[in-house]
Structure formats: C-alpha cells, structure tokens
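Here the structure comes first, spelled out in structure tokens, and everything after it is commentary.
Ligands are counted one by one from 1 in listed order, and the atoms in each one are counted from 1 as well. Because only heavy atoms are used, hydrogens play no part in the values below, and waters and symmetry mates are left out as well, while side chains stay in.
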Amino acid sequence: MLKNPTPQLIALLSALWVTLAVLALDAGALFGFQWATPAWFFVVQVILVFMCAFIVFFYYLRKYIYRKIKLIYKTIHQQKLRPEEKSSSVDMQTDIIDDVEREVAIWADNQAKEIQNLRNWQEYRRRFLGDISHELKTPIFNIQGYLETLLDGGLYDPTINATYLERAVKNVERLNTIVEDLEVISRLESGELILEMQNFDIRTLADEVFEELDMKAAERNIKLGFKTGADQHFKVRADRESIRQVMINLVNNSIKYGNEGGSTKVGFYDMDRNILVEIADNGIGIPPEQISHVFERFYRVDKSRSRERGGSGLGLSIVKHIIEAHHQTINVRSTLQLGSTFGFTLAKA
Ligand code: ADP
C-alpha cells in the first residue's frame, strides 16, 4: 500500500485514522445519546481510542521498520532476502532493531577485515613487483654490459671474448632460475598447488635427490650422506613431487653455503605421528639476527655469495610454502662458521 513511506507520512496517516475513529465514536454518541452522554461512554471511548491508536501505530511502524530493515539486510547481504528470512524479520517484533544492529556490526567488522586484507594484498603485490624488477635488473644489466663490450670490439679480443660470453650465459641462467622460481611461488601463493598425497619412502626420495645433486656436490668437494643411526626407511604421506622440490632446495643450499670439502647429512627421526627430516651442513652458518628472515622471499644473508652460486633468493620461501601446504612445520638452527640444520616434519603413512 505505502510504497516508500516517510516518518511524516506514517504519523499523518496514523493521526488521520485515530481522528476518524474518535469522530466516528463521537458521531455515534451524538446521535445515540442526544447530548446526554453517559459517563461510561467516555471510559469506552478512551479504551477504544487507545486500542485503535495502538493498532494503527503498530501496523504502520512495523511496516515502516520492516521496509527499512529489508533494505539494510539487502545491502549487507548483497542479495534479495529469501522468503523464510523475510517472514522471520517481520515476526521479530521486540528485538528486531537489536538484531539488525548486531548483524550490521558483524557486517561492518567483516568489511573492515576484508579491506585490511585487500590493503595487505596491495602492499604485498607492490613489494613483490618491486622485488621482482630489482632482481631481474641485475642480470639484465650484466648481460647488456657484456654484450655491448663484445660488440664494441671485445669480440675480437681473445683475452675477454670467451669469458664475457660465458658470463652472459651465466646471467641468462640466473634469469631463468628466477623466472622458474617465480612461477613456482606464484602458483603456491595463488593456492593453485593441489597436493597429490601418496605414501612413499622418504629415504628412497633422499637417495634420488643425492643422485641428482651429486655432480654439484662434487664440484665443491662436499660429501652427501645420511646421519649415522638416523637413516631408516620411513613411509610418509605427502605430495612426493613437492617434497622432492623441498629436499632439492635444502640440499642444494647446503652445497651452496657449505664449506669446500665439507659434508651434508640427512637424518630421519621418528616423532610419534610425524617424521622429522633434517638436513645439516657444516658450512658458513647464518647470523642469529638474520635467521628469522631466511624464509622470506628474496632475502639473502650474503647477497654476492647467493648470486654467485645462482640463487634466486626464493628457494627457502618455496620450501616454507610447500611444508605449510602440508600443514607441517619447518625450522632452522644455525651457528656462524659451524653450519646450519634445516628440519621439517611430514606425516607418517
Ligand atoms: P638463495 O637462492 O639465495 O639460496 P634461499 O631462499 O634458498 O635463496 O635462501 C635464502 C638465504 O638464506 C640465502 O641467500 C642464504 O644467505 C641463507 N641460507 C640458506 N640456506 C643456508 C645454509 N644451508 N647455510 C647458510 N645460509 C643459508
């Protein structure tokens, strides 16, 4: 009936209805009692006017409040109310305002959280883009330098031509590593990684990783092996390919940051429901104040050493993502000049 009532319109209509009721009663009295109105009539009139006023006010107010509240609900739920929600809103007579207040407070809270999330994302993206361009700049700049020097006559200088070409290739390889790792990390961070959980022997996987990194270790004369007494075959349940990536990154780091002629030792420890896998080296170690940062992307303790060894600065953040996707934990212990031990847990099969 009233499509968009205003409080004034409601008050006007209510007043009109009540006035009409009083008029009707008075007209009845005028004709019924011919000026000799008995006292009980006033009592009845008061009661009737009160009831009439109550019904009219209540009817219009409820209609008005419901209409407004429906709008609020629609806004906060961003959809039309379902019939059952409508009727329950109409039936809520006494505490409807309280309910709406509560819902609006929850909604406002959620909105605030969402806005904070979006802000964090924006900040994250801004930093990520900054980091990436910074990371890509160095190898591109190097490649440009080597190629330009070669073009400016260096190509015919036997003392530098082969070396500069080799260095340019090395920088292209670095670019490649960064881009590949970026692909992995963006897949991990966008939640695209779907874990294919399976049961497998972690010791066999470690053997495969050793085999893959054998040459690299040999170049630095580093021995890859197992900790004595901690080299059992354990069946774990995880995504084999991702855990392979984790082990490769950790063993690879132990070679990169290990001392020439040192050793990398892998150990497995039974921890009730989980298996703890540890990869320990006796290399350069990490300063205590920097330990908590090594899992951040592009964080490097020793930038030149990392770059020289072809690191993208993303290896450990990839490792952390994968382990967290498995709902497991990773930690690191390290002492400068003595070495580092990275340990992560996996669920037993
Ligand atoms: P990078 O590509 O630089 O190796 P990572 O994310 O794998 O990137 O590692 C981050 C940093 O943590 C490295 O730059 C290095 O400074 C430090 N780090 C990682 N593993 C070791 C290790 N086994 N011993 C000493 N330092 C390490």
With heavy-atom distances below 4.5 Å as the criterion, would you say the side chains of Lys320 and Leu316 are in contact?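 Of all side-chain heavy-atom pairs linking Leu316 with Lys320, none is under 4.5 Å.
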Count I, L, V, M, F, W, Y as connected when their side-chain heavy atoms are under 4.5 Å apart, and connections chain through other members. Are Val332 and Leu336 then in the same cluster?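 Per the 4.5 Å side-chain linkage, Val332 and Leu336 are not co-clustered.
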[atom] [closest protein heavy-atom partner, distance rounded to 0.1 Å]:
{"atom": "atom 23 (N) of ligand 1", "result": "Asp281 OD2, 2.8 Å"}
{"atom": "atom 3 (O) of ligand 1", "result": "Ser306 OG, 2.5 Å"}
{"atom": "atom 24 (N) of ligand 1", "result": "Ser340 OG, 3.2 Å"}
{"atom": "atom 16 (O) of ligand 1", "result": "Val301 N, 2.9 Å"}
{"atom": "atom 7 (O) of ligand 1", "result": "Asn253 ND2, 2.9 Å"}
{"atom": "atom 5 (P) of ligand 1", "result": "Leu316 N, 3.5 Å"}
{"atom": "atom 26 (N) of ligand 1", "result": "Ile286 CG1, 3.3 Å"}

Numbering as shown, the atoms of ligand 1 that approach [X] to under 4.0 Å (heavy-atom distance):
{"X": "Lys256", "answer": "1 (P), 2 (O), 4 (O)"}
{"X": "Ser312", "answer": "2 (O)"}
{"X": "Val294", "answer": "10 (C), 12 (O)"}
{"X": "Gly315", "answer": "5 (P), 6 (O), 7 (O)"}
{"X": "Gly313", "answer": "1 (P), 2 (O), 3 (O), 6 (O), 8 (O)"}
{"X": "Asp302", "answer": "16 (O)"}
{"X": "Gly311", "answer": "2 (O)"}
{"X": "Tyr299", "answer": "10 (C), 11 (C), 14 (O)"}

Is the cationic atom of Arg203 (NZ for Lys, CZ for Arg) positioned less than 6.0 Å from the six-membered ring centroid of Phe234 and within 45 degrees of its normal?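 Geometry flag: not set, cation outside 6.0 Å or 45°.
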Under 6.0 Å from the ring centre and within 45 degrees of the ring axis: does the NZ or CZ of Arg297 meet both conditions for the six-membered ring of Phe128?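 Yes - Arg297 lies over the ring of Phe128, closer than 6.0 Å to its centre and within 45° of its axis.
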Taking only residues two or more places apart in sequence or in another chain, which ones pass ring-ring contact (aromatic ring centres under 6.0 Å, His included) with Phe295?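 ring-ring contact (aromatic ring centres under 6.0 Å, His included) list for Phe295, sorted by chain: empty.
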Applying salt bridge (Lys or Arg N to Asp or Glu O under 4.0 Å) as the test, list every pair that has at least one member in residues 335-349; sequence neighbours left out.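 Sorted pair list: Asp270-Lys348.
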What do we get for Lys303 next to ligand 1 when only non-hydrogen atoms under 4.0 Å count, side chain, backbone, both or neither?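 Near ligand 1, Lys303 shows nothing, with every heavy atom at 4.0 Å or more.
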Looking only at heavy atoms, which two atoms of Ile275 and Phe268 are closest? And how far apart?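 Closest heavy-atom pair between Ile275 and Phe268: CG2-CB, 4.3 Å.
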How long is the straight-line distance from CD1 of Ile255 back to CG of Leu250, given to the nearest 0.5 Å?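 Leu250 CG to Ile255 CD1: 11.5 Å, rounded to 0.5 Å.
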Just going by heavy-atom distances, which of Phe295, Phe342, Tyr257, Phe298 is nearest to atom 14 (O) of ligand 1?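 Shortest heavy-atom distance from atom 14 (O) of ligand 1: Tyr257.
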Of Thr264, Thr341, Asn249, which meets side-chain hydrogen bond (donor to acceptor under 3.5 Å, both in side chains) against Ser254?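 For Ser254, the side-chain hydrogen bond (donor to acceptor under 3.5 Å, both in side chains) check succeeds only for Thr264.
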Backbone N/O of Gln328 and side chain of Thr345: donor-acceptor pair under 3.5 Å: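 No; zero donor-acceptor contacts below 3.5 Å.
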Are the side chain of Thr177 and the backbone of Glu173 linked by a donor-acceptor contact shorter than 3.5 Å?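 Present.
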Contact with ligand 1 for Asn249, non-hydrogen, under 4.0 angstrom: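 In this structure, Asn249 fails to qualify as a contact of ligand 1 - no heavy atom is under 4.0 Å.
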